[in-house]
Amino acid sequence: VQAVFGAGMDINCGSYTQKYTESAVQSGAAKLETVQASIYRATLVQMRLGMFDDSTPWSKYGASDVCTPSALQLALDASRQGVVLLKNNKNTLPLDNSSISSVANIGPNANNNGVMEGNYHGTAPFLISVQTG
């Protein structure tokens, strides 16, 4: 916990810090001051974003405002640019289509849209998993 907050990670999207912070501070494994500084920074950002206000500048936007063709194109462009690059050992990338007949997409999240959405979403108009993409 000390390493997490000490490194400047102020927001935990899972449950790790929620589960272990109190006992880490009580046992002395984490410094209360470090945790408080992290909470302060996270709360300050949330306040700047208006998350504690009755209405925010983006409260008036609905699906029809953000699911426009131009917004969808922007999201597609951003996702293409944000693809994780692989280490290119032995210059195997890009793959040679003439010598590869199939690619395996395996694992528990290969066709799991729930993992793709995480917990930062409203109702998506559509989802495209890695498997169907």
Side-chain angles (χ1 to χ4, degrees):
V1 172
Q2 178 67 28
V4 170
F5 288 124
M9 193 205 80
D10 299 330
I11 301 290
N12 175 222
C13 299
S15 59
Y16 180 84
T17 58
Q18 186 176 16
K19 186 174 180 180
Y20 297 108
T21 299
E22 183 178 2
S23 62
V25 170
Q26 288 175 348
S27 72
K31 296 178 183 173
L32 179 60
E33 296 80 16
T34 304
V35 175
Q36 288 174 326
S38 183
I39 293 168
Y40 174 80
R41 289 189 302 267
T43 304
L44 188 62
V45 169
Q46 292 170 337
M47 289 177 67
R48 288 179 179 165
L49 290 171
M51 292 179 72
F52 302 108
D53 298 344
D54 289 332
S55 75
T56 62
W58 54 87
S59 296
K60 63 182 178 226
Y61 295 116
S64 62
D65 298 305
V66 296
C67 270
T68 63
S70 62
L72 293 174
Q73 185 62 50
L74 177 63
L76 178 60
D77 292 343
S79 66
R80 285 179 174 156
Q81 292 175 27
V83 170
V84 175
L85 299 177
L86 303 174
K87 188 172 182 181
N88 195 9
N89 283 343
K90 301 179 186 175
N91 292 323
T92 54
L93 299 173
L95 299 176
D96 181 3
N97 290 340
S98 65
S99 65
I100 296 182
S101 60
S102 64
V103 175
N105 179 28
I106 58 175
N109 297 325
N111 200 26
N112 186 340
N113 287 336
V115 169
M116 183 172 53
E117 285 185 301
N119 61 353
Y120 291 104
H121 64 87
T123 304
F126 59 88
L127 295 169
I128 302 172
S129 71
V130 173
Q131 185 70 36
T132 59

T132: side chain to side chain contact (heavy atoms under 4.5 Å, CB included) partners, not counting sequence neighbours: N111, I128, S129
Nearest-0.5 Å distance that lies between atom CE in M51 and atom CG in D53: 10.5 Å
Non-neighbouring partners of Q46 that pass side-chain hydrogen bond (donor to acceptor under 3.5 Å, both in side chains), sequence neighbours left out: none
ILVMFWY cluster, V45 and F52 together (side-chain gap under 4.5 Å): no
Closest contact, heavy atoms only, K31 versus Q2: N-OE1, 2.7 Å
Report all side-chain donor-acceptor pairs from residues 67-79 shorter than 3.5 Å, counting only partners two or more places apart or in another chain.
from : atom 1 : to  : atom 2 : distance (Å)
T68  : OG1    : S70 : OG     : 3.3
T68  : OG1    : A71 : N      : 3.1
Q73  : NE2    : D77 : OD1    : 2.9
S79  : OG     : A75 : O      : 3.3
S79  : OG     : L76 : O      : 2.8

List the atom pairs, donor and acceptor, that lie under 3.5 Å between side-chain atoms in residues 101-108 and the rest of the protein, sequence neighbours left out.
from : atom 1 : to   : atom 2 : distance (Å)
N105 : ND2    : A110 : O      : 3.4
N105 : ND2    : Q131 : OE1    : 3.0

With D96 via side-chain hydrogen bond (donor to acceptor under 3.5 Å, both in side chains) - residues at least two apart: S98
For A37, all residues meeting side chain to side chain contact (heavy atoms under 4.5 Å, CB included), sequence neighbours excluded: R41
With sequence neighbours excluded, residues passing side chain to side chain contact (heavy atoms under 4.5 Å, CB included) with K19: none
With sequence neighbours excluded, residues passing side chain to side chain contact (heavy atoms under 4.5 Å, CB included) with S55: S59
Partners passing side-chain hydrogen bond (donor to acceptor under 3.5 Å, both in side chains) against Q26 (at least two apart in sequence or in another chain): E22
Nonpolar side-chain network containing V1, other nodes, edges under 4.5 Å: V4, F5, M9, Y16, Y20, V25, L32, V35, I39
With sequence neighbours excluded, residues passing side-chain hydrogen bond (donor to acceptor under 3.5 Å, both in side chains) with N113: none
Side-chain donor or acceptor of D10 paired with backbone N/O of A42 under 3.5 Å: no
ring-ring contact (aromatic ring centres under 6.0 Å, His included) pairs, two or more places apart, involving residues 60-80: none
